[in-house]
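A short write-up of the structure that comes next.
Values in this document were obtained by computation on a predicted structure and should not be read as measured data.
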Amino acid sequence: MSEERRERRAPDETDGDASPPEYPEYAERVLEVAEMIPPGRVMTYGDVAEWLEEGGPRQVGRVMALYGGAVPWWRVVRSDGVLLPGHELRALERYREEGTPLRQASRAAQGHVPKLDMRRARWDGGAGGDAAGDARPQAPEAHT
């Protein structure tokens, strides 16, 4: 990831003369994948780990929790389509702006917050970003 991106992602962590913060290499890679996901589409934590061929859903989730604030964090999601607890309204606003497919919440659901329609919203990592389906991401070699 370029120095410029690091500065853009964390401007409050630099003090003018200081160099931009260094992220662990794995975190850089996770954040780059998050930035590739097209508007209106999502990848699960597990999809990102599979794409990178390293780590797992928990490691990706940890990276997003620590460093994901200035990338499209709302596009990296739980596999069940439940919105990120504590960030539901902010994420929902983004999903509606981007036209991300949602499923209406049942009346029994707490707060009646919709879920992501994973069948339609999940991005398989292919070019174009508009092919629906829950295909797994392609191998990274196909995208370099």
Side-chain angles (χ1 to χ4, degrees), residues 1-15 18-106 109-144:
M1 187 172 288
S2 71
E3 294 284 321
E4 180 180 318
R5 275 189 158 158
R6 283 192 200 113
E7 284 186 47
R8 178 179 53 83
R9 193 173 290 128
D12 58 328
E13 295 180 29
T14 62
D15 61 10
S19 61
E22 288 292 322
Y23 296 112
E25 190 240 338
Y26 184 72
E28 293 270 0
R29 294 176 58 215
V30 168
L31 297 173
E32 287 172 357
V33 173
E35 290 176 329
M36 291 179 359
I37 303 169
R41 304 304 299 275
V42 299
M43 287 179 91
T44 68
Y45 298 112
D47 290 341
V48 173
E50 185 175 323
W51 174 279
L52 296 172
E53 296 181 340
E54 184 180 354
R58 289 178 188 256
Q59 288 83 6
V60 171
R62 181 76 173 149
V63 167
M64 294 303 295
L66 292 174
Y67 308 111
V71 299
W73 55 267
W74 58 93
R75 296 182 193 153
V76 182
V77 301
R78 294 171 39 159
S79 62
D80 62 4
V82 172
L83 306 188
L84 184 62
H87 301 279
E88 299 94 334
L89 298 180
R90 288 179 46 215
L92 190 56
E93 182 179 326
R94 299 289 188 148
Y95 296 138
R96 288 183 172 147
E97 286 172 5
E98 295 182 357
T100 307
L102 298 168
R103 299 178 68 106
Q104 287 302 325
S106 71
Q110 185 177 12
H112 304 289
V113 176
K115 291 173 59 171
L116 291 160
D117 183 340
M118 294 302 292
R119 189 181 61 77
R120 294 178 29 225
R122 201 169 189 177
W123 185 55
D124 67 3
D130 58 358
D134 58 355
R136 305 305 293 178
Q138 298 173 7
E141 301 83 53
H143 299 282
T144 57

(request) Of all the heavy-atom pairs spanning Ala121 and Arg41, show the shortest one and how long it is. (result) O-NE, 3.0 Å

May I have the list of side-chain donor-acceptor pairs in residues 54-61 shorter than 3.5 Å, sequence neighbours left out?
| unit_1 | atom_1 | unit_2 | atom_2 | d |
| --- | --- | --- | --- | --- |
| Glu54 | OE1 | Arg29 | NH1 | 2.5 |
| Gln59 | OE1 | Gly56 | N | 2.8 |

(message) Looking at every non-hydrogen atom in both residues, tell me the closest pair between Pro24 and Tyr67 and how far apart they are.
(response) CD-OH, 3.6 Å

(request) Please report the shortest heavy-atom distance between Val71 and Ala34, naming the atom on each side. (result) CG2-CB, 4.0 Å

(message) Just checking Leu89: does its CG atom have more than 12 heavy atoms from other residues, nucleotides or ligands closer to it than 6.0 angstrom?
(response) no

(message) Once side-chain hydrogen bond (donor to acceptor under 3.5 Å, both in side chains) is applied, what residue pairs with a partner in residues 88-97 remain, sequence neighbours excluded?
(response) His87-Arg90

(message) Which heavy atom of Val48 sits nearest to which heavy atom of Val76, and what is that distance?
(response) CG2-CG1, 4.2 Å

(message) Apply side-chain contact (heavy atoms from CB on, under 4.5 Å) to residues Val63 and Tyr23 and explain how you reach the verdict.
(response) CA-CA 10 Å; Val63 167; Tyr23 296 112; over 6 Å; no

(message) Looking at every heavy atom in both Trp74 and Val42, which two are closest together, and how far apart are they?
(response) O-CG1, 4.2 Å

(message) Quick check on side-chain contact (heavy atoms from CB on, under 4.5 Å): which of Leu116, Thr100, Leu83 does Leu92 satisfy it with?
(response) Leu83

(message) If you compare all heavy atoms of Arg78 against all heavy atoms of Met118, which two are closest, and at what distance to 0.1 Å?
(response) O-CE, 4.0 Å

(request) For the residue pair Tyr26 and Leu52, establish whether any side-chain heavy-atom pair is separated by less than 4.5 Å. (result) yes

(message) Donor-acceptor pair, distance only, cut-off 3.5 Å: does the side chain of Arg75 make one with the backbone of Ile37?
(response) yes

(message) Has Arg122 got a side-chain atom pairing as donor or acceptor with Met43's backbone, closer than 3.5 angstrom?
(response) no

